[in-house]
Amino acid sequence: MRARAHLPLLAAAALAAAGTLAVPASAAPPQAAACSGYVGLTFDDGPGSTTTTLLNSLKQYGLRATMFNTGQNAAANPALVRAQVSAGMWVGNHSYTHPHLTQQSQSAVDSEISRTQQAIANAGGGTPRLFRPPYGETNATVKAVEARYGLTEIIWNVDSQDWNNASTDAIVAAVGRLTNGQVILMHDWPANTRAAIPRIAQTLAAKGLCSGMISPQTGRAVAPG
């Protein structure tokens, strides 16, 4: 679903959800030959009509990412969830309907999270172990429900502003601000984000950075393992 304004919160820990699949070396010409560090590329709100194009571009340029899917989109597009996994991406929970969870009762938060866990698992995405609350909004109630389902909350260090009609240049510049271990917020649906993928790969390679998974121990991007 369409994202609205996100709050710039500090990054928290996250955990890879789907199986680790290798990306063919032939698909990764722009990637740095040797990684001096890793960053976490994340895409919210899928899967949907733009997911296949996004995945094809990520694979072409040797990038891996965490896909924070909404439960309703996973339930409607199970083949795309499987495609995310097959492309070597990790699948996370982004709630079922993308509400403001901090305005919901504990039972409503539980429903949003638990239904998404089931929808993603049913679609072949594995059982998610990382969670991004919609809009980056969280509180003690949200955190308690996350813990009940073994989920680790992840926000972001850099907001690409792609949800706010950021240009391709601005999205690439946001990626350029990433340093080792940091996480960036992007989305599945903006055309400018898809257009930025080749330059994102070039920007990271020029800095000696590679796309990685996110360590549950540190909350930082690390080498896929």
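Reckoned from all heavy atoms, side chains included, excluding hydrogens, waters and symmetry mates. Bear in mind that the values here come from a model prediction, so they are computed numbers and not experimental data.
The stretch residues 169-183 participates, sequence neighbours left out, in these salt bridge (charged side-chain N to carboxylate O under 4.0 Å, His left out) pairs: D169-R199. Pairs of residues two or more places apart, or lying in two chains, never qualify as salt bridge (charged side-chain N to carboxylate O under 4.0 Å, His left out) while including a residue from residues 91-104.
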Begin with the C-alpha distance, continue with both residues' side-chain angles, and end with the deciding distance and a verdict on side chain to side chain contact (heavy atoms under 4.5 Å, CB included) for I214 and L130.
-> CA-CA 9 Å; I214 302 170; L130 53 86; 5.7 Å; no
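The line from CH2 of W156 to CG of L185 is 5.0 Å long, rounded to the nearest 0.5 Å. In this structure, CE on M186 lies 7.5 Å from CG on D162, to the nearest 0.5 angstrom. Remark: C210 SG to L204 CG distance equals 8.0 Å, nearest 0.5 Å.
Residues T193 and H187 have side chains not in contact (no heavy-atom distance under 4.5 Å, counting atoms from C-beta outward).
Taking R194 as the reference, nothing meets the salt bridge (Lys or Arg N to Asp or Glu O under 4.0 Å) condition, with sequence neighbours excluded. Checked against salt bridge (Lys or Arg N to Asp or Glu O under 4.0 Å), R148 has the following partners two or more places apart in sequence or in another chain: D110. With sequence neighbours excluded, the residues satisfying side-chain contact (heavy atoms from CB on, under 4.5 Å) with S107 are S105. The side-chain contact (heavy atoms from CB on, under 4.5 Å) check on T116 picks up N93, Y96, I120, with sequence neighbours excluded.
Using cut-offs of 30° and 60° for the angle between ring planes, the Y135 and H98 rings count as perpendicular.
In summary, R132 and E153 do not engage in a salt bridge, as defined by a charged side-chain N under 4.0 Å from a carboxylate O.
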